[in-house]
Protein chains: 2
Amino acid sequence: MADTRYRQIYHILKSRIQQGLYATGDFLPSEHELCRSYSITRTTARKALDELLREGFIEKQHGKGSQVVERRQSLGLLTVKGFSEAVGPYVRAVFLERPLAQNWPDELPFAPSAKELEHPCYFFKRLRYVGDEPVMLESNWFSTFGMEDFHQEGFVDDSFFKTLSQKYLIEITGSEQEIRAVHATGEIADLLGIAGGSPILQISIRFATSKPHLHIYGYLYCNTSKYPIGNFYKH
Amino acid sequence: MADTRYRQIYHILKSRIQQGLYATGDFLPSEHELCRSYSITRTTARKALDELLREGFIEKQHGKGSQVVERRQSLGLLTVKGFSEAVGPYVRAVFLERPLAQNWPDELPFAPSAKELEHPCYFFKRLRYVGDEPVMLESNWFSTFGMEDFHQEGFVDDSFFKTLSQKYLIEITGSEQEIRAVHATGEIADLLGIAGGSPILQISIRFATSKPHLHIYGYLYCNTSKYPIGNFYKH
DNA sequence: TAGTGGTCTAGACCACGGT
DNA sequence: CCGTGGTCTAGACCACTAG
């Protein structure tokens, strides 16, 4: 392993944090102490700490030290990935309708291309729960064009995107979304277990993929009263 | 002005970029050249360049140099970006309350740090219009700590972020947001010109900045019935 | 006062890019 | 080959925090 020195120090410290050897609130060895321990100069020690700082593992306080902090995380549903990653592992998804080839619906959040419309589409519908509470209704469409071999069962880890990636080597390369606040109507309110007319979040999505002509179209309806949609962005 | 040396160099280079003396695609003077020009060492020169790099003004290429690039301005993410893209230039912002130092409110979307709470905060409130229609109510807070010289009038191009960048050299480095659908209550409904109880979008925000300890806290209330919040993401 | 992080100097060697 | 940025050493002085 031909790594830079500061990268090595960074790895060592990061591992210890992740293993809990330095717990939240603890102070790392001081920069001067790191210099002595690893026979490096402060430039190198600071470069390693800078990396940890940038990634949110520590905070530095002048005159005190480098303190391990609770790592902020959460990718946004709105920036990239799927819901499972955005909310966490205590979510489960239940199929209301399993993936099935059928005609395109009359209305979609964004207009599919002619190429996509030339063939039928797959459609599936899921309800996501946090614990026992239904929180999100999800409908998805995508063209069968070039996806004739798509088999409908067994999503990897309950995740459509992971399935696309691991079984079909298709990656998400971009997304377009529109977000609205709307009244929950009959069926949606029923499924989410809330009163008709409650405010819910509607997210209309189009995902672009690494497969030519393949886009994923979808609507999400979220009951955000208890679990808002989170979004985190960092340069 | 008692500033650090690398901060001065950073300031000089950034100004020249913003003035167009270094245009997009141009290379900045090499690190060694900066050392000679300003009688500094490479540590200092690199620290200045690191800042510009982190803020997205330049890209560095090993063996070539530091190149000025088109500044990525992805920051309002769901807020400003979505709006300017979705509705174009017909947006204007009207102050309901101009920036004024005052006590922190009881409740904020995210908890400010102790350092920030030690000092009063600035608060301002704006209503954004598309044409004659009010579509978004915006409230912002940030600590006066280190911002004692913030003068309240004259936002550059109506933009708070542009003002921070160009007048105070402060860049947005990240954001955290929570999005909810809520009922419009009295004052908010009035200002947005909609019926009480209408579903609206509430976005709670915390922006991180390049200035230590400075965060921008805010709430947005959006009437999305006609103009949804748009979001575009590309890998 | 002792220890911490923040800044800075004055060098050095290396890896990369283009001539 | 030369100039570029990437890494690193071995110091130094300062400002901040806490006992």
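Naming: A, B, ... by sequence-line order, numbering from 1 per chain.
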What is the distance, rounded to the nearest whole Å, between atom NE2 of B/H32 and atom P of D/dG3? 10 Å
So which heavy atom on B/C121 is nearest to which on B/N103, and how close? SG-O, 3.5 Å
Starting from the C-alpha separation in whole Å, work towards a yes-or-no answer on salt bridge (Lys or Arg N to Asp or Glu O under 4.0 Å) for A/K14 and A/E51. CA-CA 10 Å; A/K14 180 170 168 179; A/E51 204 73 16; over 6 Å; no
Length of the OH-C1' vector between A/Y6 and D/dT7, whole Å: 8 Å
Please report, rounded to the nearest Å, how far the C1' atom of D/dG6 is from the CD atom of A/E51. 13 Å
With heavy-atom distances below 4.5 Å as the criterion, would you say the side chains of B/K125 and B/L137 are in contact? yes
Rounded distance in Å - NZ (B/K47) to P (C/dT9): 12 Å
A/E116 and A/R206: CA distance, side-chain angles, deciding distance, salt bridge (Lys or Arg N to Asp or Glu O under 4.0 Å) verdict: CA-CA 13 Å; A/E116 290 172 303; A/R206 173 169 69 177; 5.9 Å; no
Atom-to-atom span, NZ of A/K64 to P of C/dG5 - whole angstrom: 12 Å
Secondary-structure string, 5' to 3', Watson-Crick or G-U under 3.5 Å, | for another-strand partners, for DNA chain D: ||||||||||||||||||.
Have a look at A/R5 and say if it touches a base, only the backbone sugar-phosphate, or nothing, with a 4.0 Å heavy-atom cut-off. sugar-phosphate
Across the strands shown, which category fits A/L49 at heavy-atom distances under 4.0 angstrom: base, sugar-phosphate, nothing? nothing
Report yes or no: is the cationic atom of A/R16 (NZ for Lys, CZ for Arg) closer than 6.0 Å to the six-membered ring centre of A/Y22, at no more than 45° off its axis? no
Nearest whole angstrom, please: distance from the P of C/dT7 to the CZ of B/R46. 16 Å
Report the distance from atom CD of A/E31 to atom C1' of D/dA15, rounded to the nearest whole Å. 14 Å
Return whichever of A/G63 or B/H62 has its heavy-atom-nearest nucleotide of DNA chain D closer to the 5' end. B/H62
With sugar-phosphate meaning primed atoms plus P, OP1 and OP2, does A/T41 contact a base, only sugar-phosphate, or nothing at under 4.0 Å between heavy atoms? base
Short side-chain N/O contact from A/T44 to OP1 or OP2 of D/dT9, under 4.0 Å: yes
Ring pair (Phe, Tyr, Trp, His ring centres under 6.0 Å) assessment of A/F207 paired with A/F160: CA-CA 12 Å; A/F207 288 105; A/F160 179 48; 8.9 Å; no
Nucleotide C/dC14, atom C1' - distance to CZ of B/R42 in whole Å: 11 Å
Between B/H11 and B/S15, do the side chains contain an N or O donor and an N or O acceptor separated by less than 3.5 Å? yes
For a quick check of understanding: with a heavy-atom distance under 4.0 Å over all strands, which category does A/S30 fall into, base, sugar-phosphate or nothing? sugar-phosphate
